[in-house]
S.K.: 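One structure follows; several queries about it will come next.
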Amino acid sequence: MQLDELLRLIAFANGGECGSRVAAELRIPISPQSLLRLIRRQGVGAIVGGRILGIDDWAFAKRKRYGALVVDLEEHRVVDLLPDRLAGTVSEWMQKHAEVEIVTRDRGDNFISGVTKGAPQARQVADRWHLHHNLGEMLKRLVEQHLSELHRLFRDHWRDRVNTKSGNANRSHSHFYKGESAAEREQRDNHERYRQRHEMVHALAHAGKSVREIAKTTGLARTTVQSILNMPTYTGVPQRGQCSSPIDRYSDFIAQNVAAGRINAVQLYKEIQKQGFTGVYSTVWRLVRCFARQLGQLASNVPVVHQPPPSTISLPSVFEVVQWLMEKQHTLTPEQTGFLQQWLGSMPAIRAGRDAALRFTEILTERKPEKLEAWVVEAAASSSSVIRGFAKGIKADYDAVLAALQLPWSNAQLEGQVNRLKVIKRVMYGRAKFDLLKIRVMTKI
């Protein structure tokens, strides 16, 4: 291979700065600027269009400046890189390529207007992922309109569940409690691990094993084995150091109450607040759980069951509720199903939105173009302005949506090409000027 060809490959594969370092490792000293000049010297060549194209945007700077990427879906190659995504730029490019027959695009107005004006002969195909995304946005707006009522029903549902649950129920079975933190989970796992270790050492000792044999079997140091044998009962995770905490002043008070059978963390939290405690509720909860386990009132792997104060109730986010609405019934947990049924029963608008979304999803995923028109007519007559607005958008772009159900083409391939462009842009160390970036993206190495 000639030196020029080798340097060209290094330049296109690695860019200027990185390519210069790679070349230096090959004992070919060359500056980053020289490698960039090799890239520019090649240029992009003639712009060759295609019969089936996809167009999508990409970001120079996210939310500030965007360009457009045109890809030949049959040849799996980048056809051109446009400096912006304006309708005029797209239209002007399309007018120069009369051979275009099919164009896939998202549902942005710029691309719709540009392709319609510049390539009226081409059949437009709406991207199916974007249709599904727009459906999720419709449900999001619908949920946001009823968010206060959602939270009220949620609190009522949670209160009913707490009142009907038995006092020894395991809170980990409920989706609606605030999840266990990573620190709490690690503490629980350590507690179980040390307890099992204590049982194993004592079991081997009862079987007649010596300290040396136990150490060899368990992998522990002999001093550790001896210290475990000196403890007839398990007393918890060994403490490797102590630091002061606001709860220390009240630990004796809490220990006495737990020993007397009072393990309601909320009540104890309120009592020590009156005594001057300024810490958070979770600190009291953890201490109550620790004392209760040590006294054998709880199994070592079962957390303290309590009714947390309202501030600790984890209300579902709008995103979570939208996910529940778009999921099929059999994929939801019993808690989610119960809450959702209660909510849908009291809010007809949400029930109508969910029914419309599920039917549209079925049309989209199972490719049933014959059902699209009936769905649009029904949705356009809905009592919800949000559903009617979504149906209006589908009707305005009806031919492209219908083509998405009838044809196999979509913008999926463009997402990969945009990702490749981002990688190239980031490894250029700030030297991704448009002309240079365009040459690298359009050249296959």
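FYI, side chains are in, hydrogens and waters are out, and symmetry mates aren't considered; it's all heavy atoms of this structure.
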S.K.: Report yes or no: does T224 contribute a side-chain atom to a donor-acceptor pair with the main-chain N or O of L220 at less than 3.5 Å?
M.R.: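 Answer holds: no.
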S.K.: Output yes when a side-chain donor or acceptor of K425 lies under 3.5 Å from a complementary backbone atom of F60, and no otherwise.
M.R.: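 Yes; judged by distance alone, with no hydrogens or angles, the pair exists.
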S.K.: Looking only at atom types and distance, does a side-chain atom of D56 sit under 3.5 Å from a main-chain N or O of L414, one as donor and one as acceptor?
M.R.: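 Not a single qualifying donor-acceptor pair exists.
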S.K.: Are the side chain of R262 and the backbone of N257 linked by a donor-acceptor contact shorter than 3.5 Å?
M.R.: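 Answer holds: no.
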S.K.: May I ask you to decide if S317's main-chain N or O and E320's side chain share a donor-acceptor pair within less than 3.5 Å?
M.R.: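 Yes; judged by distance alone, with no hydrogens or angles, the pair exists.
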S.K.: So which atom in T443 and which in Q42 form the shortest heavy-atom distance, rounded to 0.1 Å?
M.R.: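 It is CG2-NE2, 3.4 Å.
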S.K.: Could you check whether any side-chain heavy atom of V266 comes within less than 4.5 Å of a side-chain heavy atom of W285, counting everything from C-beta outward?
M.R.: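 V266 does not reach W285 side chain to side chain.
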S.K.: Measuring from atom CG of L82 to atom CG of D57, what distance do you get when rounded to the nearest 0.5 angstrom?
M.R.: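 Taking CG in L82 and CG in D57, the distance rounds to 11.0 Å.
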S.K.: Should the pair F277 and Y269 be assigned to parallel (<30°), tilted (30 to 60°) or perpendicular (>60°) ring geometry?
M.R.: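 Judged by the thresholds at 30° and 60°, the geometry between F277 and Y269 is perpendicular.
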S.K.: A side-chain contact here means heavy atoms from C-beta on lying under 4.5 Å apart; do L437 and R440 qualify?
M.R.: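 They are not in contact (no side-chain heavy atoms under 4.5 Å apart), so the answer is no.
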S.K.: Taking C-beta and beyond as the side chain, do I254 and V284 meet within less than 4.5 Å on heavy atoms?
M.R.: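 Yes, at least one pair of side-chain atoms sits under 4.5 Å.
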S.K.: Going by atom types alone, do H206 and H202 pair a side-chain donor with an acceptor below 3.5 Å?
M.R.: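 Checked: H206/H202 side chains show no N/O donor-acceptor pair below 3.5 Å.
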S.K.: Can you name the one residue among V401, L405, L131 that meets side chain to side chain contact (heavy atoms under 4.5 Å, CB included) with I363?
M.R.: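 Answer after filtering V401, L405, L131: L405.
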S.K.: Looking only at atom types and distance, does a side-chain atom of R128 sit under 3.5 Å from a main-chain N or O of A404, one as donor and one as acceptor?
M.R.: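 Side chain of R128 to backbone of A404: a pair is present.
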S.K.: Tell me, yes or no, whether the heavy-atom count around R77 atom CZ, taken from other residues, nucleotides or ligands under 6.0 Å, exceeds 12.
M.R.: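 Buried by this count: over 12 neighbours within 6.0 Å.
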S.K.: Determine yes or no for a side-chain-to-main-chain donor-acceptor pair under 3.5 angstrom, with S346 supplying the side chain and Q342 the backbone.
M.R.: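 Yes, the answer is positive, given that a donor and an acceptor are paired below the 3.5 Å cut-off.
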S.K.: Show the numbers, then the answer: is there a side chain to side chain donor-acceptor pair (under 3.5 Å) between S31 and S34?
M.R.: CA-CA 5 Å; S31 69; S34 297; 2.9 Å; yes
S.K.: Output yes when a side-chain donor or acceptor of N264 lies under 3.5 Å from a complementary backbone atom of Q267, and no otherwise.
M.R.: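 A pair under 3.5 Å: yes.
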S.K.: If you define the side chain from C-beta out and look only at heavy atoms, does anything of R107 sit under 4.5 Å from N134?
M.R.: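 Sidechains of N134 and R107: in contact.
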S.K.: Using a strict 4.0 Å threshold on nitrogen-to-oxygen distance, state whether K368 and E370 make a salt bridge.
M.R.: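 Not counted as a salt bridge, because no side-chain N and carboxylate O are separated by less than 4.0 Å.
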S.K.: Do Y234 and Y194 come within less than 4.5 Å of each other through their side chains, counting heavy atoms only?
M.R.: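 A side-chain contact exists here, since the closest heavy-atom pair is under 4.5 Å.
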S.K.: State, with a plain yes or no, whether a side-chain heavy atom of C18 is found less than 4.5 Å away from one of V427.
M.R.: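 No, their side chains stay 4.5 Å or more apart.
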S.K.: Got a sec: does the CE of M326 have more than 12 other heavy atoms crowding it under 6.0 Å?
M.R.: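 Enclosed.
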S.K.: Give, for atom CG of L421 and atom CZ of R426, the distance between the pair rounded to the nearest 0.5 Å.
M.R.: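 Rounded to the nearest 0.5 Å, the CG-CZ separation comes out at 10.0 Å.
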S.K.: Please confirm whether the backbone N or O of I10 pairs with a side-chain atom of N14, one donor and one acceptor, at under 3.5 Å?
M.R.: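 Side chain of N14 to backbone of I10, a donor-acceptor pair under 3.5 Å: yes, one is there.
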S.K.: Less than 4.0 Å between a side-chain N and a carboxylate O, is that true for R195 and E192?
M.R.: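 Salt bridge between E192 and R195, a charged N being under 4.0 Å from a carboxylate O: yes.
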S.K.: How long is the gap from CG on L340 to CG on L325, to the nearest 0.5 Å?
M.R.: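 One finds 5.5 Å between CG of L340 and CG of L325.
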S.K.: Whether the side chain of S382 engages the backbone of R388 through a donor-acceptor N/O pair (distance < 3.5 Å, no angle test) should be reported.
M.R.: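 The answer is no, because no donor-acceptor pair under 3.5 Å joins these two groups.
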S.K.: Nearest heavy-atom pair of R420 and V78: which atoms, and what distance?
M.R.: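 In this case the closest contact between R420 and V78 is NH1-CG2, 4.1 Å.
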S.K.: Would you mind reporting whether I439 and F12 have side-chain heavy atoms less than 4.5 Å apart?
M.R.: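 Yes - at least one pair of side-chain heavy atoms lies under 4.5 Å apart.
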S.K.: Rounded to the nearest 0.5 Å, what separation is found between the CG atom of L364 and the NE2 atom of H132?
M.R.: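 The distance works out to 7.0 Å.
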S.K.: If we only count heavy atoms from C-beta on, is the Y66 to D84 side-chain gap below 4.5 Å?
M.R.: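 Not in contact.
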S.K.: Check the pair N230, Q226 against side chain to side chain donor-acceptor pair (under 3.5 Å), reporting the backbone distance first and the verdict last.
M.R.: CA-CA 6 Å; N230 291 336; Q226 188 61 59; 3.3 Å; yes
S.K.: Going by atom types alone, do Q275 and E271 pair a side-chain donor with an acceptor below 3.5 Å?
M.R.: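 No.
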